[in-house]
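Inspection log for the structure reproduced underneath, given as structure tokens.
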Amino acid sequence: MERSPAMTSVDANWTEFHKKDVSEKLPFFARNGRLYDCLFAQQFDRELLTRLFKTADALREMTKKKEGMDYAGSLLSHVRAMLYFVQPSTRTFLSFLNAAHILGIRTSEIRDTSTSSEVKGESPEDTVRTFSSYVDLIIMRHPAPGFVEKTAWLMNRTNRPVPIINGGSGKDQHPTQALLDAYTLYRSFNGEMDNKKIAMVGDLKRGRTVRSLTYLMKNYRNISLAFVSPEEFRMEADILEFLKRHGIPFTETGDLRSVMGGADAVYMTRVQDEHDKAGESGAVDYSPFYFKTEHLKLIKKTCVIMHPLPRRHEIEPAVDEDPRAVFWRQERNGMWARAALMAYIFGADSKING
Ligand code: CP
């Protein structure tokens with residue numbers, strides 16, 4: 001079904017809003033001084049991060065016993081959530097789903113637009129608005145950059161707004177991945193997040209996880225970043241500009257071995273070829289950006305090896321057996337961090353933290 005291409009006043013207002021700096025937009029996605037829609041990693045400050053990490057720790061401790069699990073499951077049993085994941089996902093989807101269930105949230109899901117009325121010509125915006133007729137929270141993954149933000153903006157203009165959580169939007173942001181990555185650092189370093197050197201490795205140009213994690217690191221003191229990538233996939237200028245503005249030192253190199261000895265965390269990523277326009281990834285030799293068992297002797301005893309997963313060949317499976325490989329713990333941390341976030345959004349975190 002054809003829709004008119006003419007720009008409406010809503011489109012014009014959105015375009016105007018979208019152009020603003022994120023710092024100007026944040027109040028629009030907050031309620032009573034609290035985060036309401038979770039769209040950007042820049043929404044997390046140090047105080048909120050610490051609060052969420054403590055909630056996640058308390059929740060995982062509490063739910064070790066049945067009575068604790070029953071209590072957690074009663075906290076948000078009045079809430080219904082929609083998981084709209086129209087881009088492939090295993091762990092973000094499952095961790096949100098199970099985090100919701102831990103808190104007693106009942107869930108519905110759409111994972112493919114071919115099963116929604118979008119095939120009849122309904123716009124994605126109307127589709128998401130429809131969810132808000134039935135649920136109290138929408139968690140979304142969408143391939144179009146900015147779409148999750150747009151729907152939150154639209155929703156906040158309706159008479160039945162519901163919070164929206166970004167589970168990954170295009171190649172721009174994956175804020176809850178950054179949240180769980182920071183939570184993994186927090187647990188790995190016993191709560192000491194300052195004074196860390198972090199190497200981010202791989203396809204930094206199109207990796208939304210490294211973009212969001214970089215934004216988050218501004219909350220900590222004396223952080224330095226080493227970006228390690230093929231020439232073709234260097235970190236984007238907007239992120240480098242952000243780091244300069246916040247006085248966070250960084251280096252860029254194509255030599256992984258050169259940064260290994262100094263790193264407190266090595267954050268590996270895969271090539272993001274789902275964003276290819278013409279198969280350009282195939283022309284890039286990615287093998288210098290693999291973490292191999294021989295590299296284990298080059299990193300510090302206290303260094304952690306991270307990966308948002310899924311992986312292809314970036315980390316040899318034998319590396320998994322090294323205690324410094326924390327990526328399997330990292331994905332499980334996602335469930336607790338996301339549960340803490342949902343508890344916070346609905347004001348139930350104080351019932352977990354006491
Ligand atoms: N890290 C991450 O977003 O994984 P999925 O694509 O499996 O959700």
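Order of appearance sets the numbers: ligands from 1, and atoms from 1 within every ligand. All of these numbers come straight from a predicted model, not from anything done at the bench.
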Query - Ring-ring centroid check Tyr215 Phe242, cutoff 6.0 Å - result: yes
Query raised in the report: Judged by modelled atom types alone, do Asp11 and Thr8 share a side-chain donor-acceptor pair under 3.5 Å?
Result: yes
Requested in this report: Could you list the atoms of ligand 1 found under 4.0 angstrom from a heavy atom of His174?
Outcome: 3 (O)
Report summary line: Per-atom filter on ligand 1: closer than 4.0 angstrom to a heavy atom of Thr90 are 5 (P), 7 (O), 8 (O)
Requested in this report: Check the hydrophobic clustering (I, L, V, M, F, W, Y; side-chain heavy atoms under 4.5 Å; chains of links allowed) and say if Leu59 and Ile105 are grouped together.
Outcome: yes
Query raised in the report: Looking just at side-chain N and O atoms, do His174 and Arg141 make a donor-acceptor pair shorter than 3.5 Å?
Result: yes
Query raised in the report: Where does the angle between the aromatic ring planes of Phe291 and His295 fall among parallel (under 30°), tilted (30 to 60°) and perpendicular (over 60°)?
Result: perpendicular
Report task. Just need the protein heavy atom nearest to atom 6 (O) of ligand 1, so name the residue and atom and give the distance. Result -> Arg141 NH1, 2.9 Å
Query - Within-cut-off N or O pair, Leu309 and ligand 1, under 3.5 Å - result: yes
Query raised in the report: Based purely on interatomic distance, does Pro308 place a nitrogen or oxygen under 3.5 Å from a nitrogen or oxygen of ligand 1?
Result: yes
**Report entry** Charged tip of Arg338 within 45° of Trp336 ring normal and under 6.0 Å
**Finding:** no
Query raised in the report: Going by the order shown, which atoms of ligand 1 are within less than 4.0 Å of some heavy atom of Gln177?
Result: 1 (N), 2 (C), 3 (O)
Report task. Note the single closest protein heavy atom to atom 7 (O) of ligand 1, along with its residue, its atom name and the distance in Å. Result -> Arg91 NH1, 2.7 Å
